[in-house]
Amino acid sequence: MRNYVTLICTPALDELYPDIEKKLFFDTPQNDGHGHLSTNIALSLNKQLKKNPREIAAAIIAAIKYDPAIIEKIEIAGPGFINFFFTSSYIASTVKTICDEGTEYGKSHKYSGKRANVEFVSANPTGPLTVGHGRNAVCGDTAANLLEWIGYSVDREYYFNNAGRQMRVLGDSVRHRYLQKLGDAIEFPADYYQGEYITELGELLVTEYGDKLRNEPAEGVFKDRAEQAMFEDIKKSLKKIGIEHSVFFNENSLYTDGKITEVLNLFKEKGLSYEKDDAIWLKLSELGNEQDKVIVKSTGEPTYRLPDIAYHIDKFNRNYDLLIDIFGSDHNATYPDVMAALKSMGYDTSKVAVLIHQFVTVTQGGEVVKMSTRKANYITLDELIDEAGSDVVRFFFNMRSINSHMNFDVDLAKKQSDENPVFYMQYAHARICSIMRMAEEQKLEASFENLALLSTKEEQKLIINLGFFPDIVLQSGEALEPHKVAGYLMETAEAFHRFYTQCRIIQSPPQVASARLALCLAAKTVIANGLRVLGVSSPERM
RNA sequence: GCGCCCGUAGCUCAAUUGGAUAGAGCAUCAGCCUUCUAAGCUGGGGGUCGGUGGUUCGAGUCCACCCGGGCGUACCA
């Protein structure tokens with residue numbers, strides 16, 4: 001629908017005002033009297049043209065050539081809005097379009113042939129995923145879905161590190177639990193990983209090896225087993241909410257492949273690094289950032305910045321058109337350095353989109369659950385999925401803007417009732433399926449022959465809503481804002497439920513019933529497709 | 001101190017490049033099932049959009065300052 005109005009307005013504007021920069025946008029007005037789509041173009045040209053916006057609007061309308069079978073009327077309203085009204089027969093015809101395209105409806109080819117890489121989760125295998133990781137995971141996977149829907153071919157990537165201090169501590173934590181299980185009077189350090197899963201691993205190793213590991217170092221079998229177990233756990237949790245990464249990139253490989261040294265040499269060649277206090281610094285202040293930062297510590301060990309830069313270079317070299325990083329807000333200080341470094345090396349950083357989501361506050365029993373990995377005081381993503389279900393978890397994260405400091409109400413998530421917003425859409429879908437079953441028993445079939453009969457307010461509103469789905473997917477995908485799809489689907493479900501209460505199907509005259517069945521099919525298609533974008537299932541019964 | 005994010009109905013959150021009367025869910029109150037799923041529908045109450053100035057035809061949205069909260073601000077990741 002936006003396509004068509006854009007198509008008819010653009011030539012009219014170019015003809016009238018060839019030398020003026022125009023920003024043409026269309027809104028969906030709240031008020032029914034304001035048409036199906038509306039543009040403020042005349043208001044926005046007001047200043048440049050120094051003319052009354054209503055006069056400008058009148059001139060534009062006069063210049064627009066349109067098909068009267070599609071557009072019923074174009075009106076000037078208020079201070080100078082131009083409102084477009086579609087004909088009800090055109091609106092009705094979108095029902096057929098939707099059903100014809102089926103599971104493909106809503107997809108766009110705008111970015112066909114382009115490749116995107118979405119890197120998300122990327123938690124090191126030191127413990128189970130928490131609710132916080134859940135937001136990152138859902139956000140990343142849904143962003144990836146959206147990109148696929150607008151044409152990209154997408155790789156989902158997980159960047160991890162199984163070396164370094166954290167992992168040594170993990171291994172040693174298991175070793176301590178192992179020795180404790182063997183009966184050794186050994187104290188468990190307070191800053192070690194306190195989680196139950198560590199104890200279980202220690203015990204498991206006792207069952208498997210008896211006391212044979214007593215003199216093993218932390219970094220051998222203890223660390224390896226811990227890492228393996230953690231990763232299995234993480235992958236299992238992700239799979240439960242429908243997430244599978246196609247690439248697992250080990251930070252360690254950047255060292256073994258010499259990528260780190262390469263980058264280091266490059267900085268040196270370009271004169272962008274220098275030594276001070278036995279450390280190597282990057283001249284970020286010369287690259288427009290606030291201050292220089294250490295990239296190699298005086299111990300000879302790189303800081304996280306260096307491998308991060310090397311990793312992004314690797315991604316760049318894999319020739320993606322779009323690179324997406326999903327971070328929690330605790331990382332918001334790290335990416336400007338990486339971006340500045342990449343830019344200095346000639347990489348086009350406009351290809352990188354960094355999505356930073358804010359933290360999740362978890363509440364249970366009306367109280368905030370304080371998360372602490374070290375104290376093992378957290379709710380794991382796994383527990384949450386088991387208790388609330390994958391659909392609820394995915395929908396809860398997807399319904400909020402990533403900028404919102406969202407609250408995750410565990411009690412609400414667990415409720416299998418109308419208080420839980422996910423079911424509103426799923427129920428609409430199940431209802432439609434139920435109608436389909438009933439129609440089949442009655443030998444009623446959907447038909448596109450008499451779509452013009454879909455003329456009640458409820459029918460028209462539902463169809464108009466369904467017709468906007470492709471616009472929403474495109475907007476949401478380009479802006480990387482999954483919550484818009486969620487919000488849209490709530491409106492779709494609402495429009496359907498209203499239609500359902502007002503418009504009977506089975507008892508209606510056959511032609512009306514057939515047309516309404518076609519509309520039901522279209523609504524089912526949109527709801528199912530929309531939920532698929534969000535990674536939520538569409539149940540046939542509830 | 002500085003940087004990013006947030007402050008909107010009792011609660012959780014929307015509000016499409018600055019647009020028309022600021023919306024939805026939950027909660028609350030009043031109605032609606034002998035007919036396709038009541039996990040639904042209809043209606044009511046509930047707001048100085050944190051505050052004060054400014055920009056303009058128009059500001060929840062942009063700018064300045066202030067108040068309050070989250071996350072950062074490492075030779076941790």
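Chain letters run A, B, ... following the sequence lines, proteins first, then strands; residues in each count from 1.
Atom pair A:Tyr274:OH and B:rC75:C1' shows a separation of 12 Å (rounding to whole Å applied). The CG-C1' distance, from A:Asn289 to B:rC4, rounds to 14 Å in whole Å. Spacing between atom CG of A:Asp409 and atom P of B:rA27 amounts to 12 Å, rounded to whole angstrom units. The distance between atom CG of A:Asp325 and atom P of B:rA77, rounded to the nearest whole Å, is 17 Å. A:Tyr304 has its OH atom 8 Å from the P atom of B:rA74, to the nearest Å.
A:Asn161 and A:Tyr304 are not linked by any side-chain donor-acceptor pair at a separation below 3.5 angstrom, with hydrogens and angles left out of the test. Donor-acceptor pairing under 3.5 Å is lacking for the side chains of A:Asn40 and A:Asp27.
Looking at A:Asp292 and A:Lys283, no side-chain N of the basic residue comes within less than 4.0 Å of a carboxylate O on the acidic one, giving no salt bridge. A salt bridge links A:Glu481 and A:Lys484; the closest N-O separation between the charged side-chain nitrogens and carboxylate oxygens is under 4.0 Å. The residues A:Glu441 and A:Arg437 are annotated as not salt-bridged, no charged nitrogen and carboxylate oxygen being separated by less than 4.0 angstrom.
Among the nucleotides B:rC71, B:rU37, B:rG72, the one closest to any side-chain atom of A:Tyr427 is B:rU37. Among B:rA39, B:rC6, B:rA77, the nucleotide with an atom closest to any side-chain atom of A:Phe423 is B:rA39. Looking at the side chain of A:His34, the nearest of the listed nucleotides B:rA39, B:rG19, B:rA20 is B:rA20. Nearest to the side chain of A:Asn332, among B:rC36, B:rC4, B:rA39, sits B:rC4. If you check B:rC36, B:rC75, B:rU16 against the side chain of A:Lys484, the one that comes closest is B:rU16. Of the listed nucleotides (B:rC75, B:rA39, B:rC71), B:rC75 has the atom at the smallest distance from the side chain of A:Trp281. Out of B:rC36, B:rU16, B:rA39, the shortest distance to the side chain of A:Gln475 is found at B:rU16. The A:Arg400 side chain lies nearest to B:rU12 when the options are B:rA77, B:rG72, B:rU12. For A:Lys297, the listed nucleotide lying nearest its side chain is B:rC76; candidates were B:rC71, B:rC76, B:rU16. When each of B:rU37, B:rG72, B:rC41 is scored by its nearest atom to the side-chain atoms of A:Thr501, the top-ranked nucleotide is B:rC41.
Side-chain N/O atoms of A:Thr28 and base N/O atoms of B:rU16 include a donor-acceptor pair closer than 3.5 Å. In this model, a side-chain donor or acceptor of A:Asn31 finds a partner on the base of B:rU21 within 3.5 Å. The base of B:rG19 lies outside donor-acceptor range of the side chain of A:Asp27, with no N or O pair under 3.5 Å. Within 3.5 Å, a donor on the side chain of A:Ser38 pairs with an acceptor on the base of B:rA20, or the reverse.
With a cut-off of 3.5 Å on both Watson-Crick or G-U wobble distances, the partner of B:rC2 is given as B:rG72. With a cut-off of 3.5 Å on both Watson-Crick or G-U wobble distances, the partner of B:rG40 is given as B:rC32. Pairing partner, B:rC65: B:rG51, with both Watson-Crick or wobble hydrogen-bond distances short of 3.5 Å. Pairing for B:rC11 is with B:rG25, a Watson-Crick or G-U wobble pair whose two hydrogen-bonding atom distances lie under 3.5 Å. When Watson-Crick and G-U wobble pairs are counted only if both distances are under 3.5 Å, B:rG18 pairs with no nucleotide at all.
Using a 4.0 Å heavy-atom distance criterion, A:Cys503 is classed as a base contact. Base contact: A:Ser298 has a heavy atom under 4.0 Å from a base atom. Residue-level contact check: A:Asn407 touches the backbone only, with heavy atoms under 4.0 Å from sugar-phosphate atoms and none from bases. The residue A:Asn46 sits close to a base: some heavy atom pair falls under 4.0 Å. A:Glu540 comes within contact range of at least one nucleobase, with a heavy-atom separation under 4.0 Å. Residue contacts for A:Arg498: at a heavy-atom cut-off of 4.0 Å it reaches the sugar-phosphate backbone alone, with no base atom in range. Residue-level contact check: A:Arg54 touches neither bases nor backbone, having no heavy atom under 4.0 Å from any strand. At a threshold of 4.0 angstrom between heavy atoms, the contacts of A:His497 are confined to the sugar-phosphate backbone, with no base atom among them. Across all strands shown, A:Ala279 has heavy atoms under 4.0 Å from base atoms, whether or not it also approaches the sugar-phosphate. Counting non-hydrogen atoms under 4.0 angstrom, A:Asp277 reaches a base of the nucleic acid. When heavy atoms are screened at a 4.0 angstrom cut-off, A:Met438 is found touching the sugar-phosphate backbone but no base atom. At a threshold of 4.0 angstrom between heavy atoms, the contacts of A:Asn83 include nucleobase atoms, whether or not backbone atoms are also involved. Residue-level contact check: A:Thr361 touches neither bases nor backbone, having no heavy atom under 4.0 Å from any strand. A:His331 comes within 4.0 angstrom of a base, heavy atoms only.
Taking only side-chain nitrogens and oxygens, A:Lys415 never comes nearer than 4.0 Å to OP1 or OP2 of B:rC26. The side chain of A:Ser434 places an N or O atom within less than 4.0 Å of a non-bridging phosphate oxygen (OP1 or OP2) of B:rU37. Within the 4.0 Å cut-off from OP1 or OP2 of B:rA14, at least one side-chain nitrogen or oxygen of A:Ser404 is found.
A:Arg431 forms a cation-pi arrangement with A:Tyr500, by the criterion of a distance under 6.0 Å to the ring centre and an angle within 45° of the ring axis.
Anti is the conformation of B:rC63, whose glycosidic angle sits further than 90° from 0.
Across the interface with RNA chain B, nearest-nucleotide mapping of A:Arg305 and A:Ile82 shows A:Ile82 to be the residue nearer the 5′ end. For the pair A:Ala493 and A:Arg2, nearest-nucleotide mapping onto RNA chain B gives the more 5' position to A:Arg2.
Side chain of A:Asp411 to main chain of A:Gly365: a donor-acceptor pair is present (N/O by atom type, distance under 3.5 Å, no hydrogens or angles).
A distance cut-off of 5.5 Å between ring centres, combined with a plane angle under 30°, leaves A:Tyr424 outside any stacking arrangement with the base of B:rG25.
More than 12 heavy-atom neighbours from other residues, nucleotides or ligands sit within 6.0 angstrom of CD on A:Gln48.
Between A:Tyr158 and A:Phe249, every side-chain heavy-atom pair lies at or beyond the 4.5 Å cut-off.
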